[in-house]
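Step one of this worksheet: look at the structure below.
Below, read A as the first sequence line, B as the second, and so on, with proteins coming before strands; counting in each chain starts at 1. Values reported hereafter were calculated over all heavy atoms of this structure, with side chains retained and with hydrogens, waters and symmetry mates removed.
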There are 2 protein chains.
Amino acid sequence: MLSKKTKYAFHALTYLGKHRDQKTVLIQDISEEYGISHKFLENILLELRKAGILGSKKGKGGGYYLIKDPNDVPLSKVIRLLEGPIALLPCVSLNYYEPCAECKDETKCGLNKVMIQVRDEMLKVLENKTLADILDKE
Amino acid sequence: MLSKKTKYAFHALTYLGKHRDQKTVLIQDISEEYGISHKFLENILLELRKAGILGSKKGKGGGYYLIKDPNDVPLSKVIRLLEGPIALLPCVSLNYYEPCAECKDETKCGLNKVMIQVRDEMLKVLENKTLADILDKE
DNA sequence: TATAAAACCTATATAAAAGATAGGGTTATT
DNA sequence: AATAACCCTATCTTTTATATAGGTTTTATA
């Protein structure tokens with residue numbers, strides 16, 4: 001399951017996507033809309049900005065805004081940023097690979113092979129669907 | 001990511017599947033093979049037995065054994081038993097559904113719709129692949 | 001130029017979950 | 001009768017997730 005952090009990130013991005021007409025959106029607007037703690041959300045938006053998905057403007061009249069085209073924000077990118085690995089096991093993760101302690105030889109591990117299939121099916125959706133797809137459906 | 005508990009369950013099932021020729025397998029044999037704490041593993045095997053996947057025999061010469069045909073143990077069953085939901089969000093879980101607190105109307109939630117797709121792709125593998133597929137590849 | 005409003009940053013506290021351990025009880029085999 | 005194994009419940013420890021705190025910096029505008 002995705003953490004709340006990741007889920008909140010998607011909600012925030014959705015909100016920002018819906019309000020692209022206005023220059024900036026306040027953290028508070030988003031936190032009130034979804035009932036998310038202001039400070040918790042602040043950390044999340046900060047990460048999204050550092051990753052180049054959002055821009056921000058300080059001071060009065062400031063706030064956050066989408067810096068990327070929603071079509072260029074695959075869901076996989078958001079998940080990897082906030083959550084970490086998408087794969088169900090560390091030994092089949094493309095971006096956060098770690099060997100399994102229990103496993104002597106990964107190439108002979110049947111579990112490993114099946115989990116690679118699961119990962120690939122997940123990625124088929126998560127790499128190709130973007131923020132734009134979420135916005136389309138709202 | 002799957003918890004260690006779930007991963008250990010798969011390892012144990014694999015081990016038991018490989019040793020179907022012998023009547024029973026000791027907890028200790030499995031825990032030593034994979035370096036898993038004996039007591040922790042004990043709890044896992046107990047759950048698998050209660051779920052009707054394993055059988056056990058008490059007393060000297062006892063132990064655990066597979067009670068089901070490996071073809072009849074889909075990976076999804078093991079995950080749901082030890083881990084809980086397979087879906088990435090509670091609001092798209094088939095077996096552990098819960099509404100999202102942030103969401104006013106689920107039917108209008110774009111995130112919900114995309115996550116249903118992810119869930120279905122995961123299930124396509126996890127429902128159809130079984131313990132037998134893992135054993136085949138070892 | 002003073003003030004208010006907003007993001008920025010780092011650290012810490014709290015809560016929840018995962019992982020592991022303990023210890024005795026029960027049962028079946030030799 | 002002894003032993004070896006499962007059975008069960010409870011608790012401890014560690015880790016991770018979630019949330020909060022408090023100040024700093026930047027910007028608009030009155």
When you check the phosphate oxygens OP1 and OP2 of dA6(C), does a side-chain N or O of Tyr65(A) lie under 4.0 Å from one of them?
no
Rounded to the nearest Å, what distance is computed from the NZ atom of residue Lys4(B) to the C1' atom of nucleotide dA20(C)?
10 Å
Here the distance between atom C1' of dA4(D) and atom CG of Asp29(B), to the nearest Å, is 13 Å
Measure from CD1 on Ile44(B) to C1' on dT21(C) and round the result to the nearest Å.
14 Å
Indicate whether the side chain of Gln28(A) and that of Glu32(A) have a donor and an acceptor atom separated by less than 3.5 Å.
yes
Please give, in whole Å, the distance from dA17(D) P to Leu2(A) CG?
12 Å
In terms of side-chain heavy atoms of Arg49(A), which of dA7(C), dC9(C), dA20(C) is nearest?
dC9(C)
Once ring pair (Phe, Tyr, Trp, His ring centres under 6.0 Å) is applied, do any residues pair with Phe40(B), and if so which ones, sequence neighbours excluded?
Tyr8(B)
For Ile27(B), answer base if it contacts any base atom (sugar-phosphate contacts may also be present), sugar-phosphate if it contacts only those atoms, and nothing otherwise; contact means non-hydrogen atoms under 4.0 Å.
sugar-phosphate
Short side-chain N/O contact to dC7(D) OP1/OP2 from Ser56(B), under 4.0 Å:
yes
Are Thr24(A) and dA6(C) close enough that a side-chain N or O sits under 4.0 Å from OP1 or OP2?
no
Does anything in residues 84-100 of chain A pair up under side-chain hydrogen bond (donor to acceptor under 3.5 Å, both in side chains), and if so which pairs, sequence neighbours excluded?
Tyr97(A)-Glu106(A)
Quick check on contacts: within residues 5-16 of chain B, what sits under 4.0 Å from DNA chain C by heavy-atom distance?
Lys5(B), Tyr8(B)
Rounded to the nearest Å, what distance is computed from the CG atom of residue Leu41(A) to the P atom of nucleotide dA19(D)?
11 Å
Is Lys104(A) salt-bridged to Glu33(B), going by a charged N under 4.0 Å from an acidic O?
yes
Could you tell me whether Glu138(B) and Lys18(B) have a side-chain N and a carboxylate O separated by less than 4.0 Å?
yes
Test: ring-ring contact (aromatic ring centres under 6.0 Å, His included). Region: residues 14-33 of chain A. Which pairs qualify, not counting sequence neighbours?
Tyr15(A)-His19(A)
Watson-Crick or G-U wobble mate for dA2(C), both contacts under 3.5 Å
dT29(D)
Sugar-phosphate only, base, or nothing, as touched by Leu26(B) at under 4.0 Å among non-hydrogen atoms
sugar-phosphate
Counting primed atoms plus P, OP1 and OP2 as sugar-phosphate and everything else as base, spell out the protein contacts along nucleotides 23-30 of chain D at 4.0 Å heavy-atom distance: B, S or - for each nucleotide, 5' to 3'.
B--BBS--
Starting at atom CD of Glu47(B), determine the distance to atom P of dC7(D), rounded to an integer number of angstrom.
13 Å
In plain terms, say whether Lys4(B) and Glu83(B) are close enough for a salt bridge, that is, a side-chain N and a carboxylate O under 4.0 Å apart.
no
In whole angstroms, how far is the P atom of dC9(C) from the CZ atom of Phe40(A)?
18 Å
Side chain Arg20(B), main chain Gly17(B), donor-acceptor under 3.5 Å:
yes
Ile30(A) CD1 - dA6(C) P separation (whole Å):
13 Å
Main-chain N/O of Leu2(B) paired with Thr6(B) side-chain donor or acceptor, under 3.5 Å:
no
Give every donor-acceptor pair under 3.5 Å between a side-chain atom in residues 46-70 of chain B and any protein atom, sequence neighbours left out.
residue, atom, partner, partner atom, Å
Glu47(B), OE2, Lys5(B), NZ, 3.1
Asp69(B), OD1, Asn71(B), N, 2.7
Asp69(B), OD1, Asn71(B), ND2, 3.0

By nearest atom, which of the nucleotides dC8(C), dC9(C), dT9(D) is closest to the Asn43(B) side chain?
dT9(D)
